[in-house]
Amino acid sequence: WPSQLSGARWLRAFTASCIDLDRPETAIDVLRRLLPAIPLSGDLVAALMRAYVAAGDRGAADHVYKEHAAALAKADLGDPD
C-alpha cells in the first residue's frame, strides 16, 4: 500500500498503524532515519511527534518540535504568504 499514498499520507498511515499495533517505537526508529533526508518536512515532524507522545515521551516530542523550528529559522525561507 505505500506506493499508493503520497509522502504525507504515507507518513500518517504508517505512524497510525504503528501506534494502533502498540509499536510507536517502530515508527520512531523509521521516522528518525528519514529526518536527515527531509529535515524541513512538517509532516514528518508531526508524525514523529505523534509517535513520541504515543510512546509516552512528551519531552522528546517537544525536543523534535524545537529542533524543527530551529531548522526552519536557519533555512530562512521567508514569511509565509
Side-chain angles (χ1 to χ4, degrees):
W1 56 265
S3 64
Q4 299 171 359
L5 300 177
S6 70
R9 287 180 57 205
W10 182 87
L11 289 168
R12 287 190 298 273
F14 171 73
T15 304
S17 294
C18 289
I19 291 169
D20 288 346
L21 294 170
D22 199 26
R23 300 289 310 259
E25 303 83 11
T26 300
I28 292 166
D29 182 52
V30 171
L31 299 172
R32 269 283 180 203
R33 290 174 192 243
L34 290 172
L35 194 57
I38 46 176
L40 302 181
S41 170
D43 294 317
L44 175 56
V45 168
L48 184 55
M49 289 173 62
R50 277 193 299 278
Y52 273 125
V53 169
D57 194 346
R58 186 167 296 277
D62 290 340
H63 182 73
V64 167
Y65 174 79
K66 290 175 185 172
E67 284 181 337
H68 181 64
L72 288 173
K74 185 177 179 182
D76 194 27
L77 300 175
D79 293 328
D81 293 332

Problem set entry | Distance (rounded to the nearest 0.5 Å) between T15 OG1 and W10 CH2 | 7.5 Å
May I have the list of side-chain donor-acceptor pairs in residues 20-39 shorter than 3.5 Å, sequence neighbours left out?
from: R23; atom 1: NH2; to: T26; atom 2: OG1; distance (Å): 3.2
from: D29; atom 1: OD1; to: R33; atom 2: NE; distance (Å): 3.3
from: D29; atom 1: OD2; to: R33; atom 2: NE; distance (Å): 3.4
from: R32; atom 1: NE; to: Y52; atom 2: OH; distance (Å): 3.4

Please list every donor-acceptor pair under 3.5 Å in which a side-chain atom of residues 53-70 meets a protein atom from a residue at least two apart or in another chain.
from: D57; atom 1: OD1; to: A60; atom 2: N; distance (Å): 3.0
from: H63; atom 1: NE2; to: E67; atom 2: OE2; distance (Å): 2.9

